[in-house]
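Okay, structure first, notes after.
Any value given below was found using the heavy atoms of this structure, including those in side chains, with hydrogens, waters and symmetry copies removed. Residue numbers start from 1 in every chain, and the chains themselves are labelled A, B, ... in the order their sequence lines are given, proteins ahead of strands.
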Amino acid sequence: MEPSSLSDLLAIRRQKLDALHAADVAPFGRGFETDGAVADVRAKFAEAAPLRAAGRITAHRDMGKSQFLDLSDVTGRMQIFLHAKEVGDEAFAIFQNLDIGDFIGVEGEGFITKTGEPTIRVKRFEVLAKSLRPLPDKWHGVQDTEIKYRQRYLDLIANPASREVFGKRIAIVRAIRRFLEERGFVEVETPMMQAVAGGAAAQPFQTHHNALGMDLFLRIAPELYLKRLLVGGFPKVFELNRNFRNEGISRRHNPEFTMLEAYWAYADFEKMAGLVEELICHLAETICGGLQIAHRDADGNVVKMINLARPWRRARYADLIRGISPDWYELTPELRRARCSELGIDASHCVADFEVTQHLFEKLIEEKTMDPLFVTHCPKELVPLAKQNAEDPSVVDVYELVINGQEISPGYSELNDPIVQRRRLEDQSGGETQKIDQDFIEALEYGMPPAGGIGIGIDRLVMMLTGVESIRDVLLFPHMKPR
RNA sequence: GGGUUGGUAGCUCAAUGGUAGAGCAGUGCCCUUUUAAGGCAUUGGUUGAGGGUUCGAGUCCCUCCCAACCCA
């Protein structure tokens, strides 16, 4: 005859909390020695071996005098067996006040049940944290996207698929660091708050430093600081951390996102392309089970296959455009806009002529390219920080790596001529000289070695490698509108 | 910003304009090897918010809020 609306579910848990207090049991316990995370305990499991484990109760199978429970954390699940005769009547009475969701620590020994499940026979347990709210459905998990994103902890508790994606993300980030360190790159940290938000073309977030009385911007890229380190004598550096862009939120955009940038003195964009190809294949093979990446829909049907087998295709930007429209570069700007309409592309919002071409590229090449493609020799207007090509000064020595219909990684032969660099930045800034990082130009004037540089958008890389279609599914806490 | 779809119990989902339901969770009872445990019983609702049409609205109309997807 007990009610169970939410407030009543909460009230019942509060009553159990009070009962624990009344029995002189601390419902929010203290430290508890364990044999490691749940997965570690499972790995150490042996029949009759003493075992200590702690975790959240995520399932309860009540057989009367015999109680089977699952103890879980993000690493795994371990069954425990609790019996009145083993723990004593007093402890069994305390056990009656536990719920699914509570954290407990147990001490006991291993045994295998009739059905072959490794299990801890509990001799003693401690309440470590009482859960005052009910958990989501144990079988269906959390489906509501609002809850998944706003209360990620519930998603992690209830949805194994989410745990798997984030587990892979963690492994990918760790493997990237190891890969680069093994090749002599050192990880550095450069300013996230910058007086001039340089290194890319994007709207920055603005903030203010009170003591200095000056406006600062959250960085949109670390590039200009990493290049200062090339000037300073670091031959191989990288930074793997957050960038911020004050722009729209979408399936592929979050205002803060994680970027790898790496710079290699005396290398060029071709060498960087080889490095990135090797890195991504290494990640796929060691973390994602191979070079064939399957993307599945909610029912588990394969909707997309990405083939990462080497060598990856390389093609010049202009040749790809000619593949869509052979006479493109013979047309006047007006005729190019008309051609876009014929091809079903709306280029009306594009201002400059090169933007029309770029829009065509994005819609008809980038978005349709699933397997890796290095697009090389891009127009110089798109990339003000890269070296111009020796034979054709209208293009730069860069690649743009496209996989899964998205730009995953750019790589440059970095521009190290301070005079050309100043001119290119002035052209890009449209006369707004306060947007030019003068100190960076000055650093170049002291001399920066020729270098190859890369960026890799980690969120999009993880999306591609784990087969999820929204950036929110690879960010633990994606930005949401406030409630 | 525009379009489409959706928002029902704590969670997952039903419900021709005609008595708001199920499973899980919860509560009570039975069961000493269960594992989506099982059996019996039982509680739980401002149907996103506010208006309107109607004898009667979860369902139709309008406005707003939130989300997902598509477009810009």
With a 4.0 Å cut-off on heavy atoms, is [X] in touch with a base, just the backbone sugar-phosphate, or nothing at all?
X: Glu117(A); value: base
X: Asp62(A); value: base
X: Phe81(A); value: nothing

Where the side chain of [X] is defined as all heavy atoms beyond and including C-beta, which of [options] is the nearest nucleotide?
X: Val142(A); options: G10(B), C66(B), U12(B); answer: U12(B)
X: Lys16(A); options: U27(B), C69(B), C11(B); answer: U27(B)
X: Pro136(A); options: C11(B), U34(B), G10(B); answer: C11(B)
X: Gln79(A); options: C11(B), U32(B), U34(B); answer: U34(B)
X: Gln143(A); options: A36(B), G26(B), U12(B); answer: U12(B)
X: Lys363(A); options: A25(B), A72(B), U32(B); answer: A72(B)
X: His140(A); options: U33(B), A72(B), U12(B); answer: U12(B)
X: Trp139(A); options: A36(B), A72(B), A37(B); answer: A36(B)
X: Lys138(A); options: G26(B), C24(B), U34(B); answer: C24(B)
X: Arg251(A); options: U33(B), C69(B), A67(B); answer: C69(B)

Sub-6.0 Å ring centroid separation between Phe269(A) and Tyr412(A):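 Aromatic pair excluded; centres sit 6.0 Å or further apart.
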
Under 6.0 Å between the ring centres of Phe217(A) and Phe205(A)? no

Between the base of [N] and the side chain of [X], is there a donor-acceptor distance below 3.5 Å?
X: Lys114(A); N: U34(B); answer: no
X: Asp137(A); N: G23(B); answer: yes
X: Ser66(A); N: U34(B); answer: no

Does [N] have a Watson-Crick or wobble mate here (both distances under 3.5 Å), and if so which one?
N: G6(B); value: C66(B)
N: U59(B); value: none
N: U53(B); value: none
N: A36(B); value: none
N: U27(B); value: A41(B)
N: A15(B); value: none

How do His83(A) and Leu135(A) order along RNA chain B: which one's closest nucleotide is nearer the 5' end?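 Final value for this comparison: Leu135(A).
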
Both Arg121(A) and Asp99(A) contact RNA chain B. Which one's nearest nucleotide lies toward the 5' end? Asp99(A)

Counting only heavy atoms not in Asp327(A), do more than 12 sit closer than 6.0 Å to its CG atom? yes

Heavy atoms from other residues, nucleotides or ligands near CD of Glu90(A) exceed 12 (cutoff 6.0 Å): no

Reference residue Asp459(A); test salt bridge (Lys or Arg N to Asp or Glu O under 4.0 Å); the match among Arg169(A), Arg242(A), Arg251(A):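 Option passing the salt bridge (Lys or Arg N to Asp or Glu O under 4.0 Å) with Asp459(A): Arg169(A).
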
What is the distance, rounded to the nearest whole Å, between atom [atom1] of [X] and atom [atom2] of [N]?
X: Ile345(A); N: C71(B); atom1: CD1; atom2: P; answer: 11 Å
X: Lys85(A); N: U33(B); atom1: NZ; atom2: P; answer: 12 Å
X: His349(A); N: G1(B); atom1: NE2; atom2: C1'; answer: 15 Å
X: Leu82(A); N: C31(B); atom1: CG; atom2: P; answer: 18 Å
X: Arg133(A); N: G26(B); atom1: CZ; atom2: P; answer: 17 Å
X: Arg14(A); N: G10(B); atom1: CZ; atom2: P; answer: 17 Å
X: Asp70(A); N: A37(B); atom1: CG; atom2: P; answer: 8 Å
X: Leu98(A); N: A25(B); atom1: CG; atom2: P; answer: 17 Å

What integer number of Å spans the [atom1] atoms of [N] and [M]?
N: U42(B); M: G6(B); atom1: P; answer: 35 Å
N: U5(B); M: C40(B); atom1: C1'; answer: 42 Å
N: G58(B); M: U16(B); atom1: P; answer: 13 Å
N: A72(B); M: G26(B); atom1: C1'; answer: 48 Å
N: G44(B); M: A9(B); atom1: P; answer: 15 Å
N: U43(B); M: U8(B); atom1: P; answer: 23 Å
N: U19(B); M: A57(B); atom1: C1'; answer: 14 Å
N: G52(B); M: U59(B); atom1: C1'; answer: 15 Å

Assess Arg152(A) against Phe477(A): is NZ or CZ under 6.0 Å from the centre of the six-membered ring, and within 45 degrees of the ring's axis? no

Is the NZ or CZ atom of Arg245(A) positioned over Phe257(A)'s six-membered ring, under 6.0 angstrom from the centre and within 45° of the axis?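 Judged by the rule, Arg245(A) and Phe257(A) form no cation-pi pair.
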
Lys435(A)/Glu426(A) ion pair, N-O < 4.0 Å: no

Taking 4.0 Å as the cut-off, does a side-chain nitrogen or oxygen of Arg61(A) come that near to OP1 or OP2 on U33(B)? no

Using the rule given for side-chain hydrogen bond (donor to acceptor under 3.5 Å, both in side chains), can you reason through Asp215(A) versus His208(A), listing the C-alpha separation, both sets of side-chain angles and the distance that settles it, and then say yes or no? CA-CA 4 Å; Asp215(A) 286 338; His208(A) 185 78; 2.8 Å; yes

